[in-house]
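Along the sequence shown, the residues carry numbers beginning at 1. As the structure is a prediction and not an experimental result, all values here were calculated from the model.
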Amino acid sequence: MTRKIIIDTDPGQDDAIAILLALASGDALDVLGITTVAGNVPLPLTSRNARMVCELCGREDIPVHAGARRPISGRTVTAEHVHGKTGLDGAKLDEPSMQLQSRLAIEFIADQLRVHEAGEITLCCLGPLTNIAAFLTEYPDLKARIGRIVMMGGAYFEVGNITPTAEFNIFADPQAAEIVFSSGLDLVVVPLDVTHRLLLTPSRLQAFRDIGSRIGHTVADWAGFFERHDIEKYGSDGAPLHDPAVIAYLLDPTLFTGRYVNVAIETDSELTRGMTVIDWWKVTDRPPNAQVMGAVDTDGFFELLTERLRAFGDGADRRYRTGSEMTCRQAV
């Protein structure tokens with residue numbers, strides 16, 4: 001039985017890899033559509049990038065709906081310093097021919113929840129939670145129809161990656177995160193504590209290239225681009241691969257372990273704005289509101305990701321292999 005999902009995202013190379021992983025897993029995941037939000041880059045680029053990823057793997061049937069251009073309050077925060085000016089720097093792809101859907105992101109989510117059974121749809125959140133908070137505010141009567149929200153965001157032991165205390169997705173719109181974490185919905189959180197174990201080492205990058213397909217080389221080129229920033233930042237053997245962990249959790253939750261704990265969001269402090277205050281040791285009386293992952297089988301994750309990416313083909317992409325009409329090559 002396939003799980004029906006909507007991917008809410010701000011692509012970003014790692015978001016793009018997460019989308020590919022989901023679309024490669026049609027035996028387990030039915031992607032109803034993609035909603036975009038400003039995050040890693042502004043909304044016009046995240047909407048463009050989502051369509052480019054769909055076209056890369058021949059899934060022009062996936063509807064892409066644009067959402068929020070800015071956070072609920074405060075300035076818009078983006079991450080071109082990590083992802084490049086387009087968000088998908090590192091590999092050259094054609095501009096998308098797919099049309100952006102006219103319905104807004106929250107309208108699309110509402111439409112899908114109405115036509116599917118209550119609890120049937122999982123929302124997969126790979127970026128700031130602005131769209132989800134807007135949906136919960138605009139359509140409170142449909143909240144109970146959401147089956148689960150699985151998100152990449154926050155941190156505990158790993159503290160922050162955009163400020164000393166905050167992870168980017170939460171910092172970009174902490175008010176939205178507070179609405180989501182206060183919603184009473186079934187939440188699964190994949191924080192930096194997990195994703196910082198998913199390092200793109202040289203051998204793992206080579207495994208993507210060894211797939212031999214256009215998609216395998218594109219994924220390796222994307223990862224090779226954004227890891228330049230994180231290798232310098234963290235002094236590690238490779239960059240963390242964040243967002244595909246959300247999809248991997250849906251495909252094989254046994255790869256992850258965590259705890260059901262309370263998560264509160266700091267929205268006001270100048271020093272700790274966007275911090276996820278996770279009661280990991282249960283030292284308060286705040287009731288649990290999220291299943292927070294704390295560990296991952298790293299080798300199992302990369303085996304799953306690499307094997308699923310092979311599902312797009314057997315490496316016989318003749319255009320890529322012969323070099324003619326090559327539209328995917330490392331950017332210089």
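- By the salt bridge (charged side-chain N to carboxylate O under 4.0 Å, His left out) test, Arg69 is found to be paired with no residue, residues two or more places apart in sequence or in another chain being considered.
- A search for salt bridge (charged side-chain N to carboxylate O under 4.0 Å, His left out) contacts involving Asp30 returns Lys4, not counting sequence neighbours.
- Partners of Asp285 according to the side-chain hydrogen bond (donor to acceptor under 3.5 Å, both in side chains) rule, which considers only residues two or more places apart in sequence or in another chain, do not exist here.
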Side-chain donor-acceptor contacts of residues 177-187 below 3.5 Å, not counting sequence neighbours, with atom names and distances?
unit_1	atom_1	unit_2	atom_2	d
Ser182	OG	Glu178	O	2.8
Ser183	OG	Val180	O	2.6
Ser183	OG	Leu185	N	3.2
Asp186	OD2	Arg148	NE	3.0
Asp186	OD2	Arg148	NH2	3.3

Item to check | CA sep, side-chain torsions, deciding dist, call: Asp111, Arg114, salt bridge (charged side-chain N to carboxylate O under 4.0 Å, His left out) | outcome: CA-CA 5 Å; Asp111 292 343; Arg114 288 188 181 109; 3.7 Å; yes
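- In this structure, Val277 shares a hydrophobic cluster with Met275, the cluster being traced through Ile, Leu, Val, Met, Phe, Trp and Tyr side chains under 4.5 angstrom apart.
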Checklist entry - side-chain contact (heavy atoms from CB on, under 4.5 Å) between Thr276 and Ile265: does it pass, once the steps are laid out? => result CA-CA 5 Å; Thr276 46; Ile265 309 298; 3.7 Å; yes
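- Residue pairs meeting the ring pair (Phe, Tyr, Trp, His ring centres under 6.0 Å) criterion with at least one member in residues 106-125, sequence neighbours excluded: His65-Phe108.
- Arg204 meets the side-chain hydrogen bond (donor to acceptor under 3.5 Å, both in side chains) test with Asp299; sequence neighbours excluded.
- In terms of the ring-ring contact (aromatic ring centres under 6.0 Å, His included) criterion, residue partners of Phe256 (sequence neighbours excluded) are, by chain and number, Tyr249.
- Residues forming a side-chain hydrogen bond (donor to acceptor under 3.5 Å, both in side chains) with Arg286 (at least two apart in sequence, or on another chain): Asn262.
- Within the hydrophobic cluster formed by Ile, Leu, Val, Met, Phe, Trp and Tyr side chains joined at under 4.5 Å, directly or through other members, Leu45 is accompanied by Val41.
- Looking at residues two or more places apart in sequence or on another chain, you find a side-chain hydrogen bond (donor to acceptor under 3.5 Å, both in side chains) between Asp210 and Gln206.
- Identified under the ring pair (Phe, Tyr, Trp, His ring centres under 6.0 Å) test for residues 120-145, with sequence neighbours left out: Phe135-Tyr139.
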